[in-house]
Amino acid sequence: MQQEWFPQINSDIFISHSHRDEKLAITFAGWLNAKFGLKCFIDSCIWGYGNKLLEIIDRKYCPNEKGGYDYDKRNVSTSHVHMMLSSALAMMIDKTECLFFLNTNNSSISLDDIGRVENKTLSPWIYYEIGIARMIRIRVPQSHRKVFSKSLLLEGDEYLKIAYPLNINHLSELTLDNLIKWVENYSLKNREHPLDILYKLKSPS
């Protein structure tokens, strides 16, 4: 079931993003492919929708006598689907060479906490993806490349929201100027992998 709904594919870059930024992620992925021939993984473009799978399972296995869903049974089904999705995400992050995080107002927020401003995210999946990125193994590019051709409850809202700490200090910031220089420094003639050019551009001088 995991392979059917959340299959693993060959990609260079995992794009972590808010579902509200799906169009931005797709546009950025298209730009990376057009400029560098890099393949990007965007979960919503490849995978089935996890909540749809939950709905299918719950309708068959979790109904109660009142026409709704049995609470305990649905907790079990949700745990299984989320575990499959979590495992698939970790495998894809490990499978790709690097992760790009679209740090927008949809994916992260700044909250004052005793006079301190901290990055937080309302998305448990972004929280999970960035956390996995901190722990995942660092792979030697040449070994896998193919020949290059504290939680915070937010009050005053109708729905439950939990803000997860979002530590992105391990990620290198990519600005528009960085992207422009990346394109300028890339040439098919020198046959250098575009990600190696990016790494050199972002490495400390």
Side-chain angles (χ1 to χ4, degrees), residues 1-11 13-26 28-29 40-96 98-111 113 118-137 150-168 170-171:
M1 186 180 294
Q2 179 174 321
Q3 179 58 29
E4 181 178 347
W5 278 79
F6 315 120
Q8 301 294 298
I9 65 169
N10 292 322
S11 296
I13 298 169
F14 184 104
I15 298 184
S16 177
H17 65 288
S18 165
H19 71 278
R20 294 180 180 177
D21 292 325
E22 181 181 14
K23 290 183 179 179
L24 175 61
I26 292 173
F28 186 46
C40 298
F41 173 82
I42 300 175
D43 55 2
S44 59
C45 294
I46 306 297
W47 289 352
Y49 185 41
N51 285 352
K52 181 62 178 180
L53 176 58
L54 265 175
E55 182 182 1
I56 294 171
I57 293 174
D58 290 345
R59 283 183 176 179
K60 182 172 182 179
Y61 296 102
C62 304
N64 59 22
E65 298 177 353
K66 298 180 180 179
Y69 295 124
D70 182 277
Y71 179 79
D72 292 327
K73 289 181 179 179
R74 196 175 189 286
N75 278 347
V76 172
S77 65
T78 300
S79 297
H80 281 296
V81 171
H82 284 180
M83 184 57 65
M84 285 189 287
L85 178 54
S86 298
S87 298
L89 284 169
M91 291 165 64
M92 272 306 309
I93 292 173
D94 180 58
K95 189 178 181 70
T96 53
C98 61
L99 176 145
F100 284 6
F101 171 54
L102 298 188
N103 191 11
T104 71
N105 291 334
N106 291 323
S107 58
S108 64
I109 57 176
S110 295
L111 296 177
D113 184 10
E118 294 181 310
N119 279 337
K120 291 187 182 292
T121 181
L122 300 178
S123 167
W125 295 112
I126 288 178
Y127 171 70
Y128 177 78
E129 291 167 1
I130 300 303
I132 286 293
R134 291 181 64 86
M135 299 180 287
I136 211 73
R137 60 178 173 161
K150 140 179 135 198
S151 308
L152 175 65
L153 293 178
L154 301 182
E155 298 179 355
D157 209 321
E158 182 180 355
Y159 300 100
L160 171 66
K161 290 183 178 179
I162 298 177
Y164 299 91
L166 190 64
N167 186 343
I168 57 176
H170 61 296
L171 303 179

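Computation of the quantities below employed the complete heavy-atom set of this structure, encompassing side-chain atoms and omitting hydrogens, waters and symmetry-equivalent molecules. Here the structure is a predicted model, which is why all the values come from computation and not from measurement.
Lys120 is listed as a side-chain neighbour of Pro165, based on a closest heavy-atom distance under 4.5 Å. Residues Phe6 and Met84 form a side-chain contact, since some pair of their non-hydrogen atoms from C-beta on lies under 4.5 Å apart. Taking the side chain as every heavy atom from C-beta outward, Tyr128 and Leu89 approach each other to under 4.5 Å. Looking only at side-chain heavy atoms (C-beta outward), Ile42 and Ile26 come within less than 4.5 Å of each other. At least one side-chain heavy atom of Trp47 sits under 4.5 Å from a side-chain heavy atom of Phe41. Between Phe14 and Cys98 there is no side-chain heavy-atom pair separated by less than 4.5 Å. Counting heavy atoms from C-beta on, the side chains of Tyr61 and Ser77 never come closer than 4.5 Å. Counting only heavy atoms from C-beta outward, the side chains of Arg74 and Thr78 approach each other to under 4.5 Å.
Closest approach of Ile46 and Pro7 over heavy atoms only: CG2-CG, 4.5 Å. Here the closest non-hydrogen pair linking Ser107 and Leu166 is O-CD2, 4.2 Å. What you find for Ala29 and Ile15 is that their closest heavy atoms are CB-CD1, 3.9 Å. Closest approach of Gln2 and Met91 over heavy atoms only: NE2-SD, 3.7 Å. Scanning all heavy atoms of the two residues, the minimum distance from Asp43 to His17 falls at OD1-CE1, 3.8 Å. Nearest heavy-atom pair across Asn167 and Ile130 is O-CG2, 3.6 Å.
Separating the CG atom in Asn75 from the SG atom in Cys62 is a distance of 9.0 Å, to the nearest 0.5 Å. Here Leu53 contributes atom CG and Glu55 contributes atom CD; the two are 10.0 Å apart, rounded to the nearest 0.5 Å. Remark: Asp21 CG to Leu102 CG distance equals 6.5 Å, nearest 0.5 Å. A distance of 8.5 Å separates CG of Leu171 from CZ of Arg134, quoted to the nearest 0.5 Å. Distance check: Ser16 OG to Phe101 CZ gives 5.5 Å after rounding to the nearest 0.5 Å.
For the pair Asn106 (side chain) and Ser18 (backbone), a donor-acceptor distance under 3.5 Å is absent. A donor-acceptor pair under 3.5 Å is absent between the side-chain atoms of Gln8 and the main chain of Gln3, judged by distance alone.
Neither side chain, Ser108 nor Asn119, offers a donor N or O lying under 3.5 Å from an acceptor on the other.
Checked against a 6.0 Å centroid threshold, the rings of His82 and Trp125 count as neighbours.
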TODO: For side chain to side chain contact (heavy atoms under 4.5 Å, CB included), just list the numbers for Ile13 and Thr96, CA-CA rounded to whole Å, side-chain angles, deciding distance to a tenth of an Å, and then say yes or no.
DONE: CA-CA 5 Å; Ile13 298 169; Thr96 53; 5.8 Å; no
- [ ] Dump the intermediate steps for side chain to side chain contact (heavy atoms under 4.5 Å, CB included) on Thr121 and Ile109, then the final yes or no.
- [x] CA-CA 6 Å; Thr121 181; Ile109 57 176; over 6 Å; no
- [ ] Please test Thr104 against Arg20 for side chain to side chain contact (heavy atoms under 4.5 Å, CB included), starting from the C-alpha separation and ending with a verdict.
- [x] CA-CA 10 Å; Thr104 71; Arg20 294 180 180 177; over 6 Å; no
TODO: Begin from the C-alpha positions of His19 and Glu22 and carry the test side chain to side chain contact (heavy atoms under 4.5 Å, CB included) through to its verdict.
DONE: CA-CA 5 Å; His19 71 278; Glu22 181 181 14; 5.7 Å; no
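More than 12 heavy atoms of other shown residues, nucleotides or ligands fall within 6.0 angstrom of atom CZ in Phe100.
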